[in-house]
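Remarks on the structure that follows.
Order of the sequence lines sets the chain letters (A, B, ...), proteins ahead of strands, with each chain counted from 1. Keep in mind that this is a model prediction, so the values were computed, not measured.
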Amino acid sequence: MMNKRKAFTLMEIIIAMALIAVVILSIFMINKNANETSMDAYYEMLAFSLAREPIEIYRGFGYETLSKINKDNSLALPQYPIGKLTPIVFDPLQSNKGIQYPPDAERFQRLIELNEDISRNNQKYISIRVTVMPLGLTKADIWLSRKSIILDSNIMESSKW
Amino acid sequence: MNSEMARQFALSAQEEAFKYLCDQTASIYDNDFSDLKEIARKLINKDSDVDMSSIGVDNRNSINGIELEIPATQQMADEILPGVMDIKAVARIVDFCNQDYYKNKFYDKEGLGTIEIAVTVKPKEKKSKNNPGSCTLIRHHDYKVVSIVSKKDERPDSYCGSSMLDYVLFVRKGQEEFDNAKEGENSLSLNPVKNNLEIDATDALAKINFGSSGNKYQYLNISSETKDLILNCEKAVKIPELELKGDKVDEIYPQFKNEMKREAGGESVEIRNHKAVFEYYRVPLSDEYCKKGEPDSIDNLETDRGLASLNDRFEYNNSVSYNISNNQSFFPNGIKIKPIDKISEILESDVRKRFFNYGYFKLDLSECSVIVDGVEAVIKRDNPEYIEKYNKLRFPCYNAAHNYITKNPNAIDNEGYKILVNHFTKDINTTNLTKHIKDIANKNQDWSIASKAFTCISDTYAYCEGDEPPFLNNKKFYRKSSNGIPVISESPEDCQYPYAHFILWNKRSLEIDSEINELEEFGIYEPDKNLLHLRGIVQCMTPITLGKKDSVLEVDGCGVLIATDITIEGEIKKKDSNSLCILFARDGKLTINTNKPIQAALIAMGKEYQSSSINCKEELNLEGAIITDRLELSKWKENVTHKITYDKTFAPTKDIYQIYFAKWVTFERILENE
């Protein structure tokens, strides 16, 4: 009597392995996309924060001061220079002298632009535009899906009274 | 992060909407304060489509509010996301209160409120391919509505901060100033020897109040010499005749007949056709007529400016005429008021009693003949010196019943006149009537002579014309009681500060010193640009100096600037016909160091125990009004003519309000939607 031995054929194994590979690959792909989206959102959030920051700082200064800064850029705060694409500096030792950025912030650079204008109602205002973009070939550049983040706002001349 | 963009749009729109609201309500009037601009009108009148304060919470969303223009933000949004975003800003009244802590109501539409500015940023299409997010930003700001000028007819029975602007001149403690003037000074404050003050109240017939009240009296333009003669007096007895003939003349003035008898040497004398007339004068204040004074008569009355300045000369008898010399300038100093013919409408309350009425008894011998022993002797032919002598004689007599003088010009104090005449005949050449009356009074210890000589009736009003005294609408003044509730008084001394509701002031306790100038910091005063921005009421707790010599300070807006002391160094001019400036030295002094025109109302008032005053170190040229505790005219620059012309903008014929929005955000809510 012939001893019949039961086993997977090579073909079966190949097919099974292929199926497993597809499943595993899908999982990897999903994970990768999730990572990418997550990192994109993280860096986008960081970029928006870096863009909003000078707008809020300069909004607090008010139109009159900002108008002077617009005419003489040297009056701008050193952390927020006007018209210059400047890298964000992460310096934990200098944290008491300014805002403590997260380490990833140094992977960005920022451009602050001011423009003075008059509205149809004869109201003077400074339009402020902040562009934040990755600094060179960094993680931010890799993960951020957008080339740059641009945020605009207007700061109106305050009333005389 | 799509809503971040919407949030920035909302922040920009919020700022722009607030600025638009402030700008639209900075100058809220058109056509010389006649028309309110729409936004201001809706807010002041609290129109039903704007006011949420009076309806329940559930129905508040039914109030549409006023849409505020935000073109700059719209333009920015269109540049970044063309045609995608819909941005809207709306203002609504959340709350409004028109009474103070003590439940005293503010004037009419005055009050404190809260305004909501709601900005909505959302995509025009609900399901956009690139959803830009949406954001709603709501902020609340406090605002104040204050009355700068108020309509007289609509003032309620309560304190109104702007009511003092009815006056072109108001001297709150004028009575005290007059009563306490020291003897020996060159002049009394209200009766300066070397000062002229011309007040032109022609526009709107602004009132003048020198602060007299009760049974006390003031005499303007009477010097310290005549001050002692100011006493109460009783009503005078009237005699009915205007023109005296024959025996009446002899009865009142027997000296003439006696002299004729002496001339006749004891023979019988009959005098025919001799007459006497009375000439009447009425002198309220010095005025333009003082320059037209009648020399002879005035020479006999050296009682200083007040008596000499004629206002309303009554000539009952046309035969009595005067040669008036325009070149004569008798007693040119004092307070002069225009228009003269409306003086009784301008002067308020007891100041109407400041008329001095006097007359002359004068012999008329033009047709007189003297018959001596049956033979007619014409005096003129035989004794021309008599005509000369008696025609020159004018016997002053004073009318105590000065009211009805125009109606009954013969109302002369008979007894007082007789006494005066008797004494006058003893010293016919006297030229100092004041001294004479004093001497008489001192000698007899009877001051009633003086009181009869000088007019002062306590229970009636003087007036110029008409059968009855005009109705005097006694001014109601308000002072604060200890518990803060206004108490009504008719005494000007009780008058509360103008603009006393400090809760309606926009800014308080601003400081100016070597290190800080909050007036400039807040953009109210820009000395470099010579601009003063006024909006509502601003108070500075330190002295301020306005203007510069040889430059013009322009006033932009409408409001009151309060400080402890105010010094004006240069010209002040309203920027346009819808500007209005009130400078208020509170508990301090207002000093004017310029002779350039000043277009403003000047107020100097202090607490009850203090006295504020206005001091003009240069010739005053004011278009506005003066409201002060003490006039102290004698301290003003001498030998010049100070002029106050009432600015009809202050006339109480209309309401002028001002709205002020505080920058500070009292409430904020942001709703974002990705």
Side-chain angles (χ1 to χ4, degrees), chain A residues 37-67 108 112-132 144-146 148-161, chain B residues 1-27 68-81 141 144 506-507 521-526 529 531-538 556-559 658-663:
Chain A
T37 309
S38 170
M39 293 305 284
D40 180 32
Y42 167 68
Y43 281 108
E44 191 182 276
M45 186 271 293
L46 192 57
F48 266 116
S49 298
L50 292 171
R52 194 198 305 143
E53 180 198 346
I55 292 178
E56 290 185 353
I57 294 280
Y58 281 129
R59 189 186 294 285
F61 276 32
Y63 169 86
E64 283 72 22
T65 309
L66 210 50
S67 180
F108 286 99
I112 305 168
E113 295 166 291
L114 300 179
N115 183 35
E116 195 158 1
D117 209 344
I118 297 176
S119 78
R120 183 160 44 81
N121 285 338
N122 280 331
Q123 293 176 352
K124 290 180 186 171
Y125 65 94
I126 301 273
S127 126
I128 179 166
R129 166 170 287 192
V130 182
T131 309
V132 176
L144 192 63
S145 60
R146 307 180 191 206
S148 61
I149 299 292
I150 299 173
L151 212 50
D152 282 83
S153 200
N154 288 343
I155 293 156
M156 308 302 298
E157 182 187 26
S158 55
S159 176
K160 278 287 174 203
W161 306 275
Chain B
M1 299 304 293
N2 291 337
S3 67
E4 182 60 43
M5 218 172 279
R7 189 167 180 266
Q8 290 302 328
F9 292 154
L11 283 166
S12 300
Q14 185 70 238
E15 270 191 20
E16 190 175 359
F18 181 70
K19 177 73 166 52
Y20 177 76
L21 192 63
C22 289
D23 286 356
Q24 287 296 307
T25 51
S27 176
L68 306 173
E69 292 183 19
I70 43 169
T73 309
Q74 195 68 57
Q75 185 187 337
M76 178 178 70
D78 287 342
E79 281 172 8
I80 297 167
L81 299 167
H141 295 268
K144 297 176 180 182
N506 299 343
K507 287 187 172 59
E521 194 176 306
F522 286 108
I524 297 161
Y525 182 37
E526 295 183 80
K529 295 179 184 172
L531 272 174
L532 180 65
H533 302 281
L534 286 180
R535 180 168 185 170
I537 304 169
V538 172
D556 176 21
C558 170
Q658 187 58 271
I659 311 176
Y660 170 77
F661 294 94
K663 286 178 184 176

*Check each atom of B/Ile80 against the heavy atoms of chain A and say whether the ones under 4.5 Å are side chain, backbone, both or neither.*
side chain

*To the nearest 0.5 angstrom, please state how far the CD1 atom of A/Ile55 sits from the CD atom of B/Glu4.*
7.5 Å

*How long is the span from the CZ atom in B/Arg7 to the CZ atom in A/Phe48, to the nearest 0.5 Å?*
12.0 Å

_Main-chain N/O of A/Asn154 paired to B/Ser12 side chain as donor or acceptor, under 3.5 Å_ = yes

*asked:* Heavy-atom cut-off 4.5 Å, strictly under: side chain, backbone, both or neither for A/Ile155 against chain B?
replied: both

*Which heavy atom in B/Pro71 sits nearest to a heavy atom in A/Asn121, and how many Å separate them?*
CD-ND2, 3.4 Å

*Are the charged groups of A/Arg120 and B/Glu16 less than 4.0 angstrom apart, N to O?*
no

*At what distance, to the nearest 0.5 angstrom, does CG of B/Leu11 lie from CZ of A/Arg59?*
4.5 Å

_Any donor-acceptor N/O pair, B/Glu15 side chain to A/Met156 backbone, under 3.5 Å_ = yes

_So, taking the atom named SG in B/Cys22 and the one named CD in A/Glu157, what distance separates them when rounded to the nearest 0.5 Å?_
11.5 Å

*Pairs of heavy atoms under 4.5 Å with chain A: top-ranked of B/Glu69, B/Gln74, B/Glu79, B/Gln24*: B/Glu69

*When rounded to the nearest 0.5 angstrom, what is the spacing between CZ in A/Arg129 and CE in B/Met76?*
10.0 Å

*For B/Tyr20, is it the side chain, the backbone, both or neither that has a heavy atom under 4.5 Å from a heavy atom of chain A?*
both

